[in-house]
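As a basis for the values below, the full set of heavy atoms in this structure was taken, side chains included, without hydrogen atoms, waters or symmetry mates.
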Amino acid sequence: MKRITVMGGGGTGIMMAADLSLKGHDVTLFEVKEHAAGIEEIKERGYIEVTGNAANGKAVIHTITTDIAEAMKNPEYILIGAMAQRQEEFMDLAVPYLKDGTVVCFSAGNCASVILKNKIGDKDVLVGEMQGNIYPCRLLPDGKLISAFPYKEKGMAAFPARDNDKFIEAMNQVYPCHPVKNVFEAALNSPNTSIHLAGSILGITKMETMEDFRLYRDGLCPSVASLIRGVEEEKALVMEKMGYEMGRAVGQIEALMEYDRHPELEIFRGLEGPTSVHHRYITEDAYAGNSLLLSLAKEYGIETPLCEGLLAIASSLNETPFYQLGRTAAYFGLSGMEPEEINRYLETGEK
C-alpha cells in the first residue's frame, strides 16, 4: 500500500483516485475550492462507483479535501491529473510541501515535469509524466464514473531523463510502465496531438447543432481519418528529426468506424465531448502538444501545413494566440538549439 495524493477533481483525477483506492492504496484526493463541486459530492455520498472497462466497484477514497496542507501531509506519490492550463496552479500549491524522496507524475504530462523541476530547485524529488492520459473516462450524470479501457502499460519519462530508471522503478509500484526517451517524446507521442484538433475542428458543424455530440461516435468519417493520417505524417518528420520513436493513432480511428468488427470500442465511442470550440480537446492540445510539434518543425525547416492550419483555426475560434502562448521550444528556452542539444538538456537538465 502506498500513500498517494491525487491533485485534480475532474474525470482524470477522480478516476485515478478511485482506481488506486480500489487497488488498496491510501489515497487523498485534492481540488481547489473553486472547482471542488465534483469531489464534494463524492465526499458527501461516501464513495464513487466506477463502471466500464477498468477496475469496477464502489471506491471509498480515504481523504477528500480542498485543504492543501492536509493533502500534502506525507504522500509518497503525487499524481497530477489536470489539463495543461491548470498544471502550474497545482504545482505552485504543492511545491512548498514537497519533500526529498517524493515521486510526482503528471497525467497527461505535456512537458509539465520540466516546469515543475525548475520550480523545486535542489529538492531530491523524482518528477516525470505519462505518455498521454492514464484513462479515457468521464463522469456521468448519475454520479458514476466510466472508463472506456482497462489500464494499459504506459510509456513514461522523467525530467531529467537520466532519472528514468529510478522513476520507472518507483511508478511500477503504482502503475505498470516502461521508459520512453524523454518528456518531449512522451508529449509528442500522445494520441491527442494527432486526433483532437483535426477531429474536433472538422466536427464543429455537428458539435454546434447536435444536442449530444460525441466525437468518436458522431464525428468520424473517412475524411477525418485522412486528415489525422496527414497530421501524423507531418509529426513523423519531426519525430525522425528529433530521434524519437513514434506510435500512430489513425489505426484506432479507423477501428472506431468499424462498428461490426470492433464492438469492444462502444464505450469509447460514447464518451462525451467535445461540447464546444472552447473544450479542452481544442484549447489544451492547441496550447500544449500541437504547439510543441509546430515549434520543432519551424526550428528545423520542416513543412507542417496541416498542423499550422489547425492551430490557426483553433486560435481564431477561441480568440487566443495558442502558438504564441503555448508550450513551444521557445517557451522552454530551447529555441535555436539542434536536436542533439535539446535531447541533451532533456537528459541532463542542464543547458
inquiry  = Looking at Glu233 and Arg229, is any side-chain nitrogen of the basic one under 4.0 Å from a carboxylate oxygen of the acidic one?
reply    = no
ask   = Name the one of Gln131, Glu153, Lys154 that satisfies side chain to side chain donor-acceptor pair (under 3.5 Å) with His178?
value = Glu153
Neighbour count above 12 (heavy atom, 6.0 Å) for Asp165 CG = no
task = Can you spot which of Lys235, Gln252, Arg248 makes a side chain to side chain donor-acceptor pair (under 3.5 Å) with Ser194?
result = Lys235
query = Are Arg327 and Phe322 in a cation-pi setup, meaning NZ or CZ lies under 6.0 angstrom from the ring centre and within 45 degrees of the ring axis?
reply = no
inquiry  = Under 4.0 Å between a side-chain nitrogen and a carboxylate oxygen: does that hold for Glu347 and Lys181?
reply    = no
Axial cation check for Tyr97 ring with Lys99, 6.0 Å and 45° limits = no
query = Are Lys2 and Tyr77 in a cation-pi contact, defined as NZ or CZ under 6.0 Å from the six-membered ring centre and within 45° of the axis?
reply = no
query = Around Glu88, counting heavy atoms of other residues, nucleotides and ligands shown, do more than 12 lie under 6.0 Å from its CD?
reply = yes
message = Check whether Tyr47 forms a cation-pi arrangement with Lys58 (NZ or CZ under 6.0 Å from the six-membered ring centre, at most 45° off the ring normal).
response = yes
task = Could you tell me the separation between the CG atom of Leu197 and the CG atom of Leu227, rounded to the nearest 0.5 Å?
result = 10.0 Å
request  = Determine, using ring centers only, whether Tyr151 and Tyr175 are less than 6.0 Å apart.
outcome  = yes
ask   = What about the rings of Phe90 and Phe106, do their centers lie closer together than 6.0 Å?
value = no
message = Test your reading of the model: is there a side-chain donor-acceptor pair from Thr5 to the backbone of Met72, 3.5 Å cut-off?
response = no
